[in-house]
Number of protein chains: 2
Amino acid sequence: MVRQRPATSTDVARQAGVSQATVSIVLNGARGNIRVSEATRQRILTAAAALGYSPHPAAQALRRQRSGIIGFVPQQSPCLPPSIHPHRYLLGIYVARAATSRGYQVIEPSVKAEAVQSGAEQLQFFAGRRVDGIIYDRPQTAAEVRCLVDYGLPVVQLLRPQGTIGTATVTVDASPGITAAIDHLVGQGHRRIAFLGHGGAHSVERDRLHAFTTALARHGIAVPAERVYLARKYALEEGQTLTRTMLASRPWPTAIFAASDSLALGVLHALYEARIHVPDDLSLVSHDDVLAAQLYPPLTSVAQPFETVAERAVALIVEQVAGTSGRGAETAHVVLPTRLHVRRSTRPPRAGVRLDGKTG
Amino acid sequence: MVRQRPATSTDVARQAGVSQATVSIVLNGARGNIRVSEATRQRILTAAAALGYSPHPAAQALRRQRSGIIGFVPQQSPCLPPSIHPHRYLLGIYVARAATSRGYQVIEPSVKAEAVQSGAEQLQFFAGRRVDGIIYDRPQTAAEVRCLVDYGLPVVQLLRPQGTIGTATVTVDASPGITAAIDHLVGQGHRRIAFLGHGGAHSVERDRLHAFTTALARHGIAVPAERVYLARKYALEEGQTLTRTMLASRPWPTAIFAASDSLALGVLHALYEARIHVPDDLSLVSHDDVLAAQLYPPLTSVAQPFETVAERAVALIVEQVAGTSGRGAETAHVVLPTRLHVRRSTRPPRAGVRLDGKTG
DNA sequence: ATGAAAGCGCTAACAA
DNA sequence: TTGTTAGCGCTTTCAT
C-alpha cells in the first residue's frame with residue numbers, strides 16, 4: 001500500500017554481488033560488452049529485472065548535465081483559447097509523443113492565454129528548466145528565435161521558419177498536395193477555380209498560390225487576377241467576406257481552393273447563407289486538413305504531415321544533443337511533402353447549369 | 001554564443017560572501033526570516049539576481065526526492081488519432097498549463113495510437129519517471145486505477161471516476177447546465193423535446209437523462225419514453241441513425257437535446273440529409289461544448305468547465321505532494337457546475353406549422 | 001545568525 | 001575484467 005523506495009543501482013549491485021559502477025556500465029550498454037564478462041553481465045541484468053530497477057531520471061540528469069527535456073514553443077499568433085482552436089495544439093501533441101517515445105519529455109511555456117512571450121522570457125523559462133533543445137513552431141519574429149540560438153541551445157524551427165539563423169528547420173512543400181488537388185478538380189471537369197488565400201509576404205503563403213497557378217498552368221488553364229482572393233489573415237470572417245464578394249461577381253467559379261481550413265470554414269458559412277450547396281452547386285478544397293474532416297460536408301483537403309514533422313524535429317534535437325554532430329545536423333533542413341485527402345466536398349460541376357442563375 | 005554554465009548556488013554564495021547553505025535557506029523562503037539577517041538576505045538576493053541564478057531542477061528533485069512531475073492519463077476509449085478528435089486532448093492541455101504555472105511538469109504515457117495500456121504498464125512508466133502523482137481522465141476500469149493507488153501514488157480521477165478507491169475526484173454536476181438548457185428551450189416555447197443520449201450504466205450517463213427529465217418536470221412537462229433515444233456509445237453514427245429513427249416517428253419534437261457533441265454532430269448530418277434546417281425547422285442543444293462552437297450552425301451547448309477541472313486536479317495533487325495533508329485531501333471530491341452557452345441552433349418553434357408535413 | 005558536512009543516485013575517469 | 005573515487009547541485013541536520 002505504501003510506496004516502497006524504488007530500487008537503486010546500488011541495490012542491484014548488492015544483489016548481483018558486484019560494485020555499483022559495474023551496474024551502471026552494464027545498464028548503459030555502450031561498448032560495455034568488451035568491459036564486462038558475460039557472466040556478471042547476466043547476473044546484473046537478472047538482479048535489475050528482479051528488483052524492477054529503473055534509473056532515477058533526476059540523478060541521471062544531474063550527472064550527465066542533460067535534462068532529457070525538450071522545450072516546445074507553440075504557434076503564438078492569434079491567441080485563442082484551446083477550446084476554440086484545438087487543432088492549434090495538434091503539433092504540440094505529436095511533438096510530445098515523439099519525444100516520449102525517445103525517452104525525452106516536453107515542456108511548454110505556460111502562456112497566459114493572450115500574452116505573447118518575448119524571446120527573453122522564453123529563454124529565462126527554458127534555461128531555468130535546463131532544456132536540452134527547443135522546437136519552435138512557426139515563430140513570429142527572427143529575434144525571439146535568435147535569443148535562444150545565441151544562448152547556445154539547439155533549435156529547430158517548424159513550418160514557417162524565420163530566415164535561416166543557423167537553426168535546423170522542418171518545413172513542408174505545399175506543391176505535391178496542391179498539384180494533386182488541382183489534378184483532382186480538373187479531372188472532374190472544373191475549369192474556373194478560385195483561389196482564396198493569404199496575401200502575406202512569407203514564402204509559405206506565396207508558395208501556396210504559386211503551386212496553385214503552376215498546377216493549373218500545366219493543364220493549360222490560366223488564373224485571371226480576379227479569380228484570386230487574398231485575405232489579410234487566415235480567419236473564418238475573412239473567408240466569409242471574400243466569398244460574399246466572390247458571389248457578387250460573374251461568372252462564378254465552379255470550385256474554390258481555400259488555402260487554410262479556417263478560410264474554408266468561412267467559405268462554408270457564406271455559401272450556406274446563400275443557399276449554395278457543397279458539393280452539388282460548388283466544389284470546395286481546403287488546405288491544412290486540420291478541421292476539414294469534421295466539417296459538414298467533410299472537405300477534400302491538402303494535409304500537412306504533422307506527425308512526421310514532429311518526429312523529424314525531435315530526431316534533429318536528439319541528434320544534436322546526444323550527438324557527435326558538431327555542426328552538420330545543426331543546419332539540417334528537412335522538407336516534407338503534403339498529400340491530398342479526397343472527401344465529399346468535391347464533385348464534377350453540373351453540366352449545362354450556369355451557377356449565376358441564368359441558364360445556358 | 002556558446003552557452004556558459006548556468007550559475008549555481010555556490011556561485012551565488014561566493015559572490016555574496018556567504019556559505020552555499022545560507023543561499024539555499026534564503027532562496028527557499030520558508031521560516032528562513034528568523035534565521036538569516038536581513039543584510040545577508042539582501043546580499044544573497046542581489047547576487048542571485050545579478051547572476052541570473054535559478055536552481056537546477058534535477059538537483060532539487062534528487063535531493064528532495066520529488067520530481068515535480070505529474071503523470072496524466074488521457075481518456076483512452078475509442079482510440080482515434082488526434083487529428084480526428086483534437087478535443088480529446090483539450091483536458092490534457094489544460095492540465096499541462098495548470099501544472100506549469102505551479103512549477104510542475106506533466107508527462108503522458110506515449111500511447112501507440114491503438115494500444116490501450118494496462119494498469120501495470122502505466123505504473124511501470126510512471127514509477128520509472130518518478131512522478132509525484134497522477135491525474136487520470138475518465139478511467140475505463142477500476143483495476144487500472146487501483147494499480148497506481150496501491151503503489152502509493154496520489155491519484156485524482158477526473159469526470160467519470162471508477163467507484164471511490166480512496167482517490168480524490170474532480171467531477172462535474174450536469175444539472176445546472178441541463179436545467180438552464182431546458183429553461184431556455186421551454187422559454188422559447190418548446191414542449192416536445194427529445195433526449196438523445198447514452199444508455200450506459202455509469203452515473204454520468206444516467207445523471208444527464210435525470211437532469212433532463214427533472215428540469216422538464218419542473219415546467220410540468222412529462223417525458224414519454226418514446227421521446228428518449230439511447231445510443232450505445234457517444235458517436236456520430238449513432239446520433240445519425242437514431243435521428244433517422246426519430247424522423248420516422250410522429251409527431252416530431254420541436255427540439256432535440258443531444259447528450260454529447262458527437263451525437264449532436266450525427267443529428268446535424270441526419271437533419272441535413274432530410275433537408276431540415278437548424279434552427280428554423282428544429283432546435284438543437286448539445287452537451288460538452290467541445291465541438292459545438294465550430295459546427296454550423298454554432299450549437300447552443302452545455303459546457304463542462306475543463307479548465308477549472310484541470311486546475312483543481314493539479315491543485316489536489318500538489319497539496320498531497322507538498323502537503324501536510326496526511327489524508328484529508330486524499331479523499332477530496334470536487335464537484336463543479338456546468339454552464340449553458342447559447343448560440344445559434346435554438347429558436348422558438350414555428351407557430352402553426354406541424355413539422356411532420358401536415359398543417360394544423 | 002551562519003557554516004560545515006552528509007548525502008540524494010548516478011556516470012565516468014582512474015586504479016588495480 | 002572489476003572496484004574505487006570524485007563529484008553533478010541541491011537541501012537539511014548539526015555544530016558553532
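Naming: A, B, ... by sequence-line order, numbering from 1 per chain.
Between A/N28 atom CG and C/dC10 atom P there is a gap of 10 Å when expressed in whole angstrom units. Taking atom CZ on B/R64 and atom C1' on D/dT11, their separation rounds to 8 Å, with Å as the unit. What separates CZ of B/R130 from C1' of C/dC8 is a distance of 12 Å, to the nearest Å. Spacing between atom CG of A/L51 and atom P of C/dG9 amounts to 14 Å, rounded to whole angstrom units. In this structure, the CG atom of B/L27 is 15 Å from the C1' atom of D/dT12, given to the nearest Å. Rounded to an integer number of Å, the gap from CZ of B/R41 to C1' of C/dT2 is 15 Å. Here the C1' atom of nucleotide C/dG7 and the CD atom of B/Q65 are 10 Å apart, to the nearest Å. For B/I25 and D/dC14, the CD1 to P distance is 14 Å, given to the nearest whole Å.
At distances below 3.5 Å, not a single donor-acceptor pair connects side-chain atoms of A/R138 with backbone N or O atoms of A/L159.
Taking 4.0 angstrom as the limit, B/Q20 places none of its side-chain polar atoms (N or O) nearer than this to OP1 or OP2 of C/dA5. Neither OP1 nor OP2 of D/dT1 sits under 4.0 Å from any side-chain N or O of A/T40. Note on B/S9: a side-chain N or O is less than 4.0 Å away from OP1 or OP2 of D/dC10. Note on A/T22: every side-chain N or O is 4.0 Å or more away from OP1 and OP2 of D/dT1. Within the 4.0 Å cut-off from OP1 or OP2 of C/dT11, at least one side-chain nitrogen or oxygen of A/S24 is found. Close to C/dT11, at under 4.0 Å from its OP1 or OP2, lies a side-chain N or O of A/Q60. An OP1 or OP2 oxygen of D/dG3 is reached within less than 4.0 angstrom by a side-chain nitrogen or oxygen of A/S19.
Distances were taken from every side-chain heavy atom of B/L62 (C-beta onward) to each of D/dC8, C/dC8, D/dT2; the shortest belongs to C/dC8. When distances run from any side-chain atom of A/H56 to the nucleotides C/dG9, D/dG9, D/dT11, the shortest one goes to C/dG9. Minimum atom distance to the side chain of A/Y53 is reached by C/dC10, of the listed D/dT4, D/dT11, C/dC10. Considering only side-chain atoms of A/V36, the nucleotide from C/dT2, D/dT2, C/dC10 that sits closest is D/dT2.
In this structure, OG1 in B/T169 is found 9.0 Å from CG in B/L158, a value given to the nearest 0.5 Å. Interatomic distance, CG of B/L316 versus NE2 of B/H333, reported as 10.0 Å (0.5 Å rounding).
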Can I get a per-line list of side-chain donor-acceptor pairs under 3.5 Å for residues 64-71 of chain B, giving both atom names and the distance, sequence neighbours left out?
from, atom 1, to, atom 2, distance (Å)
B/S67, OG, B/I69, N, 3.1
B/S67, OG, B/R130, O, 2.6
B/S67, OG, B/D132, OD1, 3.4

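Toward the 5' end of DNA chain C, the nearer of the two residues A/R66 and B/R43, judged by each one's closest nucleotide, is B/R43.
For B/Q162 and B/Y136, the side-chain atoms include no donor-acceptor pair closer than 3.5 Å.
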